[in-house]
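The structure appears right after this line, and notes come after that.
A quick note: this is a predicted structure, and the numbers were derived from the prediction, not measured. For ligands, and for the atoms within them, numbers begin at 1 and follow the listed sequence.
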Amino acid sequence: MSKLYYPNKELAKKANIKSLEQYYALVDEAKNDYEGYWKNFADKKIDWLSPYSKVLDESNKPFYKWFCEGKLNVSNQCIDRHLEKRANQVAILFEGDRGDVQKITYKELSLNVNRFANLLKNKFDIKKGDRVVLYMPMVPEAAYAMLACTRIGAIHSVVFGGFSAEALKDRIEDAGAKLVITADGAYRKGKPYLLKPVVDDATKNGCDSLEAVLVIQRNNEKIEWNKKDHKYNELIKYESDQCPYEIMDSEDPLFLLYTSGSTGKPKGVQHSTAGYILWAQMTMEWTFDFQDGDVFWCTADIGWITGHTYIVYGPLSCGGTTVMFEGVPTYPDSGRAWKMVEEHQITQFYTAPTAIRVLHKLGEDEPSKYNISSLKVLGTVGEPIDPHAWEWYYKVVGGEKCPIVDTWWQTETGGHMITPLPFATPIKPACATLPLPGIMAEVIEKDGTPTPIKEKGYLCITKPWPSMIRTIWGDDERFKKSYFGDCEKNGESVYFSGDGAMIDEDGYITITGRVDDVINVSGHRLGTAELEAAIAEDEHVAEVAVIGTPHSVKGESIFIYVVLKDNANIKDIFIHVNKILARDIGNIAKADDIVKVEGLPKTRSGKIMRRILRTLAKKEEITQDISTLEDPSVVEKIKKALESS
Ligand code: PRX
């Protein structure tokens with residue numbers, strides 16, 4: 001059994017959840033009266049503009065509805081309701097790549113968001129329900145834009161700035177967006193870079209729904225100005241700083257966020273208004289023990305769900321101070337993050353295992369050069385953390401006093417699902433530990449029987465929860481099939497996460513990784529089917545198979561087997577295929593290994609045996625039976641190709 005790390009008893013006294021007993025009492029409350037449990041929190045945490053009539057409507061499964069007919073507005077929840085008490089408190093603490101700092105108070109945030117909301121309404125005729133795509137760097141205007149959308153009831157869809165023009169175009173078209181908000185560019189590693197040309201490229205053909213592009217001038221680099229383009233910095237001056245918020249229904253869509261699945265094109269995960277914001281706020285308070293005066297830093301990009309929930313909506317709904325960082329933690333050196341912790345007196349630091357591994361590798365002792373004693377809780381997210389990185393994070397960054405919350409969740413879950421509570425849960429390194437109270441996470445077989453202890457099973461959530469995905473934008477059938485088509489319990493379909501997991505004798509859950517064809521590179525989720533589709537379209541490619549293979553820093557890396565057409569004439573397959581991926585998906589999809597092979601291992605029915613490809617990539621012995629392959633000799637040929645590559 002792995003060593004347990006117990007919470008600090010002194011700090012626990014002041015914590016939001018103080019003990020394991022308190023945790024189990026909440027778990028029991030949820031078990032005994034599920035709707036009553038959620039009602040209690042919804043009543044306490046949300047500023048209802050008019051009350052809901054029913055906690056949970058299960059009449060059209062799996063299209064669950066929460067807090068039916070309740071009315072609220074998320075920008076009120078994140079801004080207006082705090083103004084009386086917190087007008088002069090810093091809401092967003094922005095640090096630019098070059099060290100420039102902006103401290104935006106709640107009052108200033110309010111003025112900026114109101115002006116932005118008026119601009120969207122008056123200039124671009126954005127109405128409730130319209131979709132607005134954000135393709136933005138990490139600057140405060142990105143948060144203003146998100147909150148301005150929520151203020152007027154528009155549905156934002158933030159596209160990560162690392163996605164290519166092609167990927168951006170797909171997302172604009174799928175959402176039927178009326179407006180794109182972008183920036184000329186921003187700064188990275190001390191240098192300006194451009195974003196706007198990617199939008200130009202994405203929108204030069206198609207994108208029929210698009211009426212305008214609003215450009216924030218961040219670095220004033222020279223860019224092309226087209227007919228549809230508008231300058232934010234000029235237009236915003238004329239807008240009033242008063243914009244009444246729209247009255248939204250609990251179930252009105254709050255935002256879309258595209259993510260990769262195991263099949264086909266990316267899915268527009270649709271989140272709701274009330275359920276999402278409730279859980280964003282509750283998990284801030286529980287998982288990070290977020291309290292008045294805390295300065296919270298989540299290093300994610302707002303293009304991912306982590307940035308949505310734990311840079312913008314979670315911290316601000318709590319009336320907290322959230323840090324937003326434009327740069328990278330390794331510039332100008334690997335002490336940057338720790339310098340920021342010291343300077344801003346950061347209390348919670350939340351990042352991905354890949355970043356921890358990089359910071360560890362580049363600066364083993366770097367944290368000790370700074371006074372980072374303000375830290376109270378450390379967090380990780382997005383991929384499994386290995387015990388080695390965990391130990392360094394715990395000892396050197398946390399000084400053996402900060403609990404590490406290894407938070408398991410997904411774009412689809414809206415907020416944390418399985419995680420230690422920092423001052424209640426005894427922690428096992430690299431283990432997500434226990435489900436949050438009210439979250440019915442279970443490790444089961446497909447028929448719902450509990451998987452025996454310490455064996456791999458399917459990680460399912462067996463009851464609906466408020467912040468769950470509502471549907472896939474425009475594709476209810478795909479939603480049902482993707483999440484409710486695999487596993488059931490007591491004869492009813494339940495949400496399957498796509499992850500495998502193991503449960504131990506203490507009920508602790510360890511995530512073992514995806515069991516579907518999704519890979520996780522540096523915490524970025526990529527569907528192998530999506531990558532394969534992009535490559536297969538190339539005129540030189542006959543067949544392709546993409547797998548994930550273990551990587552010491554990135555967790556997993558992309559490994560590609562390509563069969564070229566007979567007449568193909570390609571000098572460098574590595575460059576050729578990576579160019580396709582950069583063009584169609586973006587630089588996050590760069591492969592580390594690309595091997596030219598003569599054929600792929602397939603069953604007689606034509607299914608590619610990825611397990612064999614994974615084993616071969618790891619240079620391990622094949623133990624499975626290959627005699628059933630259509631052409632068993634292909635395995636030896638691949639081995640040879642790997643040796644000479
Ligand atoms: O495989 C799990 C992994 O990340 C996937 C979700 O990716 P995404 O929707 O992009 O959201 C990432 C940020 C929430 C999951 O299906 N994952 C997430 N957190 C963990 C994790 N794997 C292991 N441990 C975690 N703590």
Ligand 1: protein N/O within less than 3.5 Å of ligand N/O:
{"from": "ligand 1", "atom 1": "1 (O)", "to": "D499", "atom 2": "OD1", "distance (Å)": "2.7"}
{"from": "ligand 1", "atom 1": "1 (O)", "to": "D499", "atom 2": "OD2", "distance (Å)": "3.2"}
{"from": "ligand 1", "atom 1": "4 (O)", "to": "G382", "atom 2": "O", "distance (Å)": "3.2"}
{"from": "ligand 1", "atom 1": "9 (O)", "to": "T411", "atom 2": "N", "distance (Å)": "2.8"}
{"from": "ligand 1", "atom 1": "9 (O)", "to": "T411", "atom 2": "OG1", "distance (Å)": "2.6"}
{"from": "ligand 1", "atom 1": "9 (O)", "to": "R525", "atom 2": "NH1", "distance (Å)": "2.6"}
{"from": "ligand 1", "atom 1": "16 (O)", "to": "Q410", "atom 2": "NE2", "distance (Å)": "2.9"}
{"from": "ligand 1", "atom 1": "16 (O)", "to": "D499", "atom 2": "OD2", "distance (Å)": "2.5"}
{"from": "ligand 1", "atom 1": "16 (O)", "to": "R514", "atom 2": "NH1", "distance (Å)": "2.8"}
{"from": "ligand 1", "atom 1": "17 (N)", "to": "G382", "atom 2": "O", "distance (Å)": "3.3"}
{"from": "ligand 1", "atom 1": "19 (N)", "to": "G382", "atom 2": "N", "distance (Å)": "3.1"}
{"from": "ligand 1", "atom 1": "19 (N)", "to": "T407", "atom 2": "O", "distance (Å)": "3.4"}
{"from": "ligand 1", "atom 1": "24 (N)", "to": "E383", "atom 2": "O", "distance (Å)": "3.4"}
{"from": "ligand 1", "atom 1": "26 (N)", "to": "D406", "atom 2": "OD1", "distance (Å)": "2.8"}
{"from": "ligand 1", "atom 1": "26 (N)", "to": "T407", "atom 2": "O", "distance (Å)": "2.8"}

For residues 275-282, which side-chain donor-acceptor pairs fall under 3.5 Å, sequence neighbours excluded?
{"from": "Y276", "atom 1": "OH", "to": "T309", "atom 2": "N", "distance (Å)": "3.4"}
{"from": "Y276", "atom 1": "OH", "to": "T309", "atom 2": "OG1", "distance (Å)": "2.7"}
{"from": "W279", "atom 1": "NE1", "to": "H416", "atom 2": "O", "distance (Å)": "2.8"}
{"from": "Q281", "atom 1": "OE1", "to": "Q77", "atom 2": "NE2", "distance (Å)": "3.2"}
{"from": "Q281", "atom 1": "OE1", "to": "R81", "atom 2": "NH2", "distance (Å)": "3.2"}

**Asked** Does the ring of F63 carry K65 above it, NZ/CZ under 6.0 angstrom from centre and within 45° of its axis?
**Response** no
**Item:** Any residue meeting salt bridge (Lys or Arg N to Asp or Glu O under 4.0 Å) with D592, in chain and number order, not counting sequence neighbours
**Value:** K554
**Prompt:** Could you give all pairs that pass the salt bridge (Lys or Arg N to Asp or Glu O under 4.0 Å) test and reach residues 464-478, with sequence neighbours left out?
**Reply:** E251-R470, E477-K480
**Asked** Side chains of D406 and W390: do they bring a donor and an acceptor to under 3.5 Å?
**Response** no
**Prompt:** Should Y5 and I404 count as side-chain neighbours, where that means a heavy-atom distance under 4.5 Å?
**Reply:** no
